[in-house]
Structures are given as C-alpha cells and as structure tokens.
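Remember, it's a predicted structure, so these values are computed and weren't measured experimentally. Within every chain, numbering begins at 1; the chains are lettered A, B, ... in the order of the sequence lines, protein sequences first and strands thereafter.
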Protein chains: 2
Amino acid sequence: MRSEDLAKLLGLSRSTISRVINNYPDIPQSTREKVWKAIEEYNYAPNASAQKLAGVKNKMIAIILLDVKDNEEPHHVKSTDDTLIHDNPFFSPIVSAVSDQANKMDYYVLISIAYSKEDLKKVQSIFYQKIIDGAIFVGTQESENELIFNLIEQKHFIAMIDTSEVYNKNHNAIYINADNFEGSVKAVSYLLELGHTSIGIITGNLNKLSAKERLAGFKTTLMQHGIEMTKDAIYHGDFTESSGYEGVKYFFRGPNPPTAIFVSNDTMAVGAYKAVSELGLRIPKDISIIGFDNSFFSSYLNPPLTTVEISFSDIAKKATTLLIESIEKEQQRGIVEKVNATLIKRESCQAIKSDDETK
Amino acid sequence: MRSEDLAKLLGLSRSTISRVINNYPDIPQSTREKVWKAIEEYNYAPNASAQKLAGVKNKMIAIILLDVKDNEEPHHVKSTDDTLIHDNPFFSPIVSAVSDQANKMDYYVLISIAYSKEDLKKVQSIFYQKIIDGAIFVGTQESENELIFNLIEQKHFIAMIDTSEVYNKNHNAIYINADNFEGSVKAVSYLLELGHTSIGIITGNLNKLSAKERLAGFKTTLMQHGIEMTKDAIYHGDFTESSGYEGVKYFFRGPNPPTAIFVSNDTMAVGAYKAVSELGLRIPKDISIIGFDNSFFSSYLNPPLTTVEISFSDIAKKATTLLIESIEKEQQRGIVEKVNATLIKRESCQAIKSDDETK
DNA sequence: CTGAAAGCGCTTACAG
DNA sequence: CTGAAAGCGCTTACAG
C-alpha cells in the first residue's frame, strides 16, 4: 500500500495524505479523520526510505560494541571469539539502556559488534550510507581512534563510553565515563583504612580507558599515603576470569604475597577466588580481595565480594540522551561527563591484625 | 557526496558509477579501478534510502525482546521496569549471537525491547514502513500472538524463540526452541536416580513456553515412574530470583518438605540458595537443588549448581540463519527446530540415604 | 562499453 | 483547503 493507493481510495491526492500524517494545519477535521481511519484499516505506513529521501529525518542511531584485539599477545582467554564480549557484565545493561532510552525518544537503534578493523570499516559505511544519524561507541582502544576521529571531523554525531576525551584534540563528541579513578581511590583507601600496606593490583586490558584509570587511582592513592609500590605489585590482566586466576597465582609465587589485592573488575575476581581456593587459602582471612563493577553475580560469590559500583545503565542512558539531543539540535558539540562510583562493602576484605592486636 | 558528483569528477555518468559498485560485467578494468579509487578517496557510499527505493534489498532484520507484563498478578520483582529484562541470562548471548550471525550474512540488526502493547504497535510499523525485512521475536506470550500472527499472514518473515508453534494454525514462520521438555526429563530423572521421591518444582512464568515445557517434563517424568504428585509439589514462580526465594520458603512452611527441588531456571536457584541458607539448612545435605539454563554464574554458586545447559547462542544463531535464508529466497516457510539440552552435574544434588544405607 | 531517462514513494513549496 | 509537480539519490532497462 502506497500513499497513492490510499489517496485514490479516498478520492484525495497523495499530498493530502502526507499532510495529515505529518500533522499539517488547515486540514478539516473530517478529512483528517477519514484519512486516519483508512490508515488504520489498511495498515498503511509511509515507506521509510522514500521519506528519508524526501528529507525526513532518520531517527536511527547505532550502538557499536568494540571487541577488537589488535595486539598479538597471548591471551588467557577462551579461544572462540563468540564467547567473549557477551560475557562482559556491561553488555546487557548498556545495550538495553541505550535501546530503551532511544525508543523513548523515538529513535531506532542498530546494534553491531566489531571484532576487527574490517568490521569497523563497515561501521564507517553505515554513516556514509546515511543509515544512521549518530552512534555510540563502547570500549574503543587507541588504535581505533583514528577512524572515529575522522567520523567526528566529518561532522557525524558520536558518543563514546569508556574512551578518554584526551585522545582527540577536538572535543566535538560526547564522552561519558564512569569515574573509574575516583572509584579506584575509594577502593584502595578502604584497603588502607583496614591496615593493609602490601597491596597488589590485577589490571584490566590497559588499552581500555577504564583499566588505565583504575590503575592510576591505585598508584595515586598509594603514593599519597606514602606507600612505596614495587613493580611486583602490578599484574597485567585483561578483564577476563582467567587473567584474575593467573594474577593471584602470580602474587603467591614467592614468599611475600600481598595481604590484599585490588582486582580491576568482578569477572577477574571470580578467577581470583578460584586461585585462592586452590592455594588452600581463605578470603578474607588470608587475603582480602576487592573488585570493581558490582556485577550482579558479585553478591553471590562466597564470600560476597566487596566492590565498586558503577551504573552502566546510567552511563548508557546519559550517552543516548545527549547524543540524540545533539542530533536533534543539529549541533555537534563536545561534552565530557563522569558518572559516580561508590564502594560496596561486603565480606571479602578484613582488617589486618597489627602486631599490637595480636599480642 | 552523491554518485552524480563522483561521476562529474571522473567525467563519467552516474550509471557507470552504479554499475561498478554493483559489479556489472563489461566494464573495462581501467574504468573500474578509476572509480573504486575515487570511491575510496572521497568516502563515497551510495545513499541507502535511495538504493532501497530503487529496488535494492534492505538487508536489515530486527531482534525484538518481549517483556510485556499483561497480568495484574503481584510480582515479587524489583519495581523498576528497567532492571528487568537485562537481568535475564539469555539477553547477552542471544543478542550478540543474532548480531554476529547477521553481520556475517551481511545484514544489519535493529534491536528493540517491547514492554507494552504500544511498543508492539511500533514494532509492527517497522515492518509496514519497510525498515526491516524480517524479525526475530524472543519470549512472546500468548496475548502477543495475535499481532505476530497477523504479520506472518501479511507475508512478513518472522522467527520466534521461546514460542510454541502450536499457537499458530499456520506454520509459515520459524520456531526455534530449546528442548525444554527433554531437559526437564533429564533433570528429574537424575533426581529420581539419586533416590528422591519427594520432589518439588518452582516453575517459571507459565505464560512463557519454556516454563510450560519444563513443568510438563517434570510432571511426565514423575508420572512415568509412578510417583504421585500432589498439588503441593508445585510453586508458581516467575523466573525471578525472589520467586525462587519464596518458593523454598513455601516448600518449607510445613512439616514434610521435599528432599529435592527442581528450580526452573538458575536465577531462581540463586533465590532458592538464599532461602535455604536463611532456614539454616545445607545444600545438598538437607535439600538437593537442580537448576536450568546453566547461566554462567551457576558454577560460582556455593555449592556449584547442578543444572541443565541449553545454548542460547546456538538457538539465536539458528534462528538468524534460517530467517535470513528465507528472506533471501523470498520464500516464507514454516520451520520448527529444537536445540538439545544437557545435564550438567555439579554439587548441589546428592543421593538420598535409603533406610538400608542408614542402618 | 556507456549515457539519457524513467521510476522507486515520499514531502513540500507553489499555485489556485 | 488541496492538487500538480519537482526533487530526493539511486538502479536499470533501453538505446546507441
């Protein structure tokens, strides 16, 4: 059914049909009703492509999840690519929040997961083909930045989650991040309050902003408290369960393991728990563990994991809202926002017994 | 940049540009190369709307997650709608598998979560507007069936996950489900092998096919083994953690609790674990618990949960592949497939001590 | 081998 | 108030 057909049926012209659909004034109520009734009856809806070609706005954005592995380092991860990104605790909350918020603002959302440079090329082309009005990128690494930077320069609307605004010299994009640094400061400060001074960190994939910032918060806090940190105190993980496992094994390889470990996300904390248990040790008696993300499973762990909560939904909602607003205003502008991180105390950390107390 | 512009730049006509892009024969290699070079240089890509209007295929499908609550029954769930669907363990694997498989087959995917009848109306209109070529619906309830049935009758391409094919009289749609019945038979048979005869079930939301089939498998297995089942043995949950919690409380309200509980998904098993622990009981010593789904957190529970594995990725991949194939063939046809369910034995079930053994 | 022209289904000034 | 017509950016028979 085309507007032409509907028009003939009603003895009107396409122009009139179009005008009632687009809510033009100066149309008699009677015509309006007649047309709407027919639209309902015949399930007519204007062809979106024709509309767009005629100048009507798209109202479509994309959410692009980046899972590009561009380093050749061996990964301690499951070998099949498919199992990777959706294990990520942020996947569901971010995707669903973007979808919900966009739908609320009357936008459609395209979803795409990019595993390689070629995938990113395809993403680029959905801009050039004018399929979308803008996009939200999640978790870009530096190497992908060039391509996104070009898109921004070409006046496309872009929001980024988990990407530092300092990568790009210009600021005409939207950057929404968790306050990873602050969260990490809170976590480490808590460990210090509990009397720990020998603290290790298992980092995330340091190509990701969140991993970098969490490490920075760790270092800064220790430094501010005058605690010297050896190189030994850092294990480079990659946000996967198995790297958490390896991290613990690394820290316990020698005679002087730390008394607490700051694990850069909860998924790695799961691996850490396993390693601790294999070593015949107990959490928190023998080692305190603190995580990050407050993934929903973290409260089910045994013992329940102390962690830092960040709201992926809030981040995604904010990114979506700001992106669509700037699309609607047709005005590209730079926005940088951080979303709070809060410490969730559970049972995986305990105070160090000082010499005073033990005697 | 339009094809016209590119053509002028090269001293050619739009027709020629179009022909090299669409890989027509009989174009000299030199022209071909010249055009491709310019395309790269100017980041030209044909406007998708214009292409579609001119008759080129869409190559876009939608994945629609249904989370419509049409019953007024009190829910034991968190009050905000937002927190619901993405807590679902199938969300990530299904969405990412659909996206990956579609991308592999060169299709874009639109994502939408429908919470209400109005949302479903919007979904309907993306078909009428010819934005998509087909869609995958996940988790429809009977009340939503009418609308989807209409779409199928109107010759739209549709695949459904977790919907029974018997709801619709015609079969011109694709139905992909886990073999919930068989999985449930395996779970209950295992409990019987362990010597349990007093077994309770916490069901899922019985508006969902999976919940119904899991209950059916439970009943059938008991019946086949000549075990009588009282009404008391069924607690009506809704797949949420809190209903698992309530279920256990229900079973332990009286003097003769069951010795094993079949919990219809792992999320409810988490709630069940909590309730058992609050009651001061131990799993599996005092009560055996078996779950369903093999959600990734189920192995982290304490004790690790015995459950039934179904591959959401496989289901989603199959649905996507079949949907796109039938779109490409322009031939709507009915397909019904089931994906295997397998028992994963862990540590939450133990054999009942018979009187013989205890003496 | 390649260009001119029709047509896809809309919207929107322009007339009346 | 409403219709005829141009135009959006492509593709694809039709000619040559």
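Qualifying side chain to side chain contact (heavy atoms under 4.5 Å, CB included) partners for B:Tyr42, counting only residues two or more places apart in sequence or in other chains: B:Met1, B:Leu6, B:Leu9, B:Ala38. Applying the side chain to side chain contact (heavy atoms under 4.5 Å, CB included) criterion to B:Glu328, with sequence neighbours excluded, gives B:Lys59, B:Tyr107, B:Ile324. Qualifying side-chain hydrogen bond (donor to acceptor under 3.5 Å, both in side chains) partners for A:Lys57, counting only residues two or more places apart in sequence or in other chains: A:Glu330. Annotation: salt bridge (charged side-chain N to carboxylate O under 4.0 Å, His left out) contacts of B:Asp26 (sequence neighbours excluded): none. Partners of A:Asp133 by side-chain hydrogen bond (donor to acceptor under 3.5 Å, both in side chains), not counting sequence neighbours, listed by chain and number: A:Asn58. In terms of the side-chain hydrogen bond (donor to acceptor under 3.5 Å, both in side chains) criterion, residue partners of A:Lys318 (sequence neighbours excluded) are, by chain and number, A:Glu337. Residues passing the side chain to side chain contact (heavy atoms under 4.5 Å, CB included) test with A:Ala48 are B:Gln129, B:Ile131, sequence neighbours excluded. Under the side chain to side chain contact (heavy atoms under 4.5 Å, CB included) criterion, A:Glu40 pairs with no residue, sequence neighbours left out. Partners of B:Arg2 by side-chain hydrogen bond (donor to acceptor under 3.5 Å, both in side chains), not counting sequence neighbours, listed by chain and number: B:Asp5.
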key: Sugar-phosphate or base contact per nucleotide [nucleotides 10-16 of chain C; S, B, -; heavy atom under 4.0 Å]   = BBBB---
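Using cut-offs of 30° and 60° on the angle between ring planes, the pair A:Phe127 and A:His156 is tilted.
In DNA chain D, the stems built from three or more successive Watson-Crick or G-U pairs (distances below 3.5 Å) are C:1-3 with D:14-16, C:5-12 with D:5-12, C:14-16 with D:1-3.
In this structure, B:Lys8 atom NZ and C:dG3 atom P are separated by 13 Å, rounded to whole Å.
Taking every heavy atom of residues 28-41 of chain A and every atom of DNA chain D, pairs under 4.0 Å involve A:Pro28, A:Thr31, by number.
Both B:Leu12 and B:Lys52 lie close to DNA chain C; mapped to their nearest nucleotides by heavy-atom distance, the more 5′-ward contact belongs to B:Leu12.
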